[in-house]
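Reviewing the structure listed below.
Since we're looking at a predicted model, the values are computed, not measured. Position 1 is the first residue of the sequence, and the numbers go up from there.
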Amino acid sequence: MKAAPEAQLRLLDLQELDTTLDRLAHRRRTIPEFAEIAKVEERLGGVADALVAAQTEISDIDREQKKAEQDVDQVRARAERDQKRLDSGQVSSARDLENLQSEIVSLHKRQSDLEEIVLEVMERCEEAENRLRAVETDKEAADKELAELAERRDAASQEIDGQAELTRTARAGVGGDIPDDLLKLYEKLREQHRGVAAAALLRGQCQGCHLQLNTVELNAIRTAAKDEVLRCEECRRILVRTPESGL
């Protein structure tokens, strides 16, 4: 393949721009906030589960408390009815009177026990509400952190995208200076060699594979026509001669 030395030199400019684009793409993929956001989102998933669990617990305790309070009300009402019967003097039989008094005592004991249950349920409800508030505080903090991380991620992405756009514009200009057949070869080699298709020959060394060319290879390059497109014998990248090649 033949190409003017100036066009071959432009390959190095193109390679530098493509390397910059690759580096920018890598930077964009590895913006630190991406990993931090993933961690916070994972944490938020756990917080959401904890929030549902705390709300469910409070709902269950609330039903339990209402049931216990209803039981207290029922026992209290029955004890009050029995006390009114006792106070009214309507019970004349000694046996019935004794039974009524015994039932009132039993009802008061039952009421006291149920009130203890209500208090215990109320304490559990307060503890559950405290846990819910703690979870809500965690969620609020995580939401705030996530928003801040997203803002930083977006700012970093926009900066990188801006640099990439300027680089692509410059690349389009450089690409116009390179013949189509040489550009096609360059693009093909970029796919084969991890993005590096053209390398300078610097003081007898290929800057693509960083191997020193032997005397025979260097002599062949010295005698090659200036418009001959050369390839490194080791890595097969396009080898571009420059004033610093050491020929």
Side-chain angles (χ1 to χ4, degrees), residues 1-39 41 148-247:
M1 183 181 295
K2 302 287 186 178
E6 295 78 9
Q8 294 187 46
L9 284 171
R10 290 298 269 167
L11 277 181
L12 296 180
D13 296 331
L14 187 66
Q15 180 64 74
E16 183 178 355
L17 291 169
D18 280 334
T19 299
T20 298
L21 285 172
D22 291 342
R23 187 163 50 248
L24 289 170
H26 176 74
R27 276 182 56 197
R28 200 184 196 290
R29 290 192 303 270
T30 57
I31 290 174
E33 282 74 17
F34 279 125
E36 295 178 41
I37 285 172
K39 290 179 181 178
E41 288 177 338
E148 292 173 350
L149 287 169
E151 185 177 352
R152 296 210 306 267
R153 175 204 60 197
D154 293 344
S157 297
Q158 289 173 5
E159 179 187 356
I160 293 171
D161 290 345
Q163 293 177 18
E165 184 60 30
L166 291 174
T167 305
R168 280 191 289 269
T169 299
R171 186 190 191 281
V174 173
D177 297 335
I178 301 172
D180 290 342
D181 57 347
L182 181 58
L183 189 59
K184 184 176 180 180
L185 174 63
Y186 169 85
E187 297 292 359
K188 180 181 178 180
L189 292 175
R190 259 179 59 79
E191 295 179 3
Q192 297 175 359
H193 296 287
R194 299 181 180 179
V196 180
L201 176 62
L202 181 62
R203 291 187 291 276
Q205 183 186 76
C206 170
Q207 296 304 293
C209 60
H210 299 287
L211 293 178
Q212 194 74 30
L213 276 64
N214 60 44
T215 303
V216 174
E217 292 168 339
L218 289 174
N219 286 335
I221 292 172
R222 288 190 184 95
T223 58
K226 292 184 177 181
D227 63 350
E228 183 73 24
V229 176
L230 304 176
R231 304 277 294 277
C232 174
E233 292 295 331
E234 294 295 333
C235 67
R236 302 305 298 161
R237 292 180 173 91
I238 298 171
L239 196 59
V240 181
R241 287 164 286 184
T242 73
E244 292 80 27
S245 293
L247 299 176

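With a 6.0 Å radius and a threshold of 12 heavy atoms from other residues, nucleotides or ligands, Glu148 has its CD atom above the threshold. Other residues, nucleotides and ligands contribute at most 12 non-hydrogen atoms within 6.0 Å of the CZ atom of Arg194.
Note that the CD atom of Glu234 and the CZ atom of Arg236 stand 10.0 Å from one another [nearest 0.5 Å]. To the nearest 0.5 Å, atoms CD1 (Ile178) and CD (Glu6) are separated by 12.5 Å. To the nearest 0.5 angstrom, Asp18 atom CG is 4.0 Å from Arg171 atom CZ. Taken from CG in Leu185 to CE in Met1, the straight-line distance is 4.5 Å, to the nearest 0.5 Å. Here the CD-CD distance, from Gln158 to Gln163, works out to 12.5 Å after rounding to the nearest 0.5 Å. To the nearest 0.5 Å, atoms CG (Leu166) and CG (Leu17) are separated by 11.0 Å.
In the model, Glu16 has no side-chain atom that pairs as donor or acceptor with a side-chain atom of Thr20 under 3.5 Å.
Smallest separation of non-hydrogen atoms from Arg10 and Asp13: NH1-OD2, 2.9 Å. Across every non-hydrogen atom of Arg237 and Val196, the tightest pair is NE-O, 2.8 Å. Taking both residues in full, the closest heavy atoms of Leu12 and Ala200 are given as CD2-N, 3.6 Å, listed atom of the first, atom of the second, then distance. Closest non-hydrogen pair, Leu21 versus Ala164, comes out as CD2-O, 3.6 Å. Across Asp161 and Arg168, no two heavy atoms sit closer than the pair O-NH2, 4.4 Å.
Listed for the Gln8 side chain is no donor-acceptor partner under 3.5 Å among the backbone atoms of Arg241. Panel note: side chain His210, backbone Gln205; no donor-acceptor pair is recorded below 3.5 Å. Proximity of a side-chain donor or acceptor of Gln15 to a complementary backbone N or O of Ala199 within less than 3.5 Å is not detected. In this structure, the side chain of Arg203 does not engage the main chain of Ser245 through any donor-acceptor pair within 3.5 Å.
Tyr186 has its side chain within reach of Leu11: a pair of non-hydrogen atoms, C-beta onward, lies under 4.5 Å apart.
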**Message:** Apply side-chain contact (heavy atoms from CB on, under 4.5 Å) to residues Val229 and Val240 and explain how you reach the verdict.
**Reply:** CA-CA 8 Å; Val229 176; Val240 181; over 6 Å; no
**Request:** For Leu239 and Cys206, run side-chain contact (heavy atoms from CB on, under 4.5 Å): C-alpha distance rounded to whole Å, both residues' side-chain angles, the deciding distance at 0.1 Å, then the answer.
**Result:** CA-CA 7 Å; Leu239 196 59; Cys206 170; 3.9 Å; yes
**Request:** Would you sort out whether Leu213 and Leu201 count as a side-chain contact (heavy atoms from CB on, under 4.5 Å), showing the intermediate values?
**Result:** CA-CA 9 Å; Leu213 276 64; Leu201 176 62; 4.1 Å; yes
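With respect to the salt-bridge test (charged N to carboxylate O, under 4.0 angstrom), the residues Arg190 and Asp22 qualify. The pair Arg152-Glu36 meets the salt-bridge criterion, since a charged nitrogen lies less than 4.0 angstrom from a carboxylate oxygen. With respect to Lys184 and Glu187, no salt bridge is recorded, no charged nitrogen being found less than 4.0 Å from a carboxylate O. Using a 4.0 Å cut-off between a side-chain N of Lys or Arg and a carboxylate O of Asp or Glu, Lys2 and Glu228 qualify as a salt bridge.
Among Thr19, Val174, Leu9, Asp177, the single residue meeting the side chain to side chain contact (heavy atoms under 4.5 Å, CB included) criterion with Leu14 is Val174.
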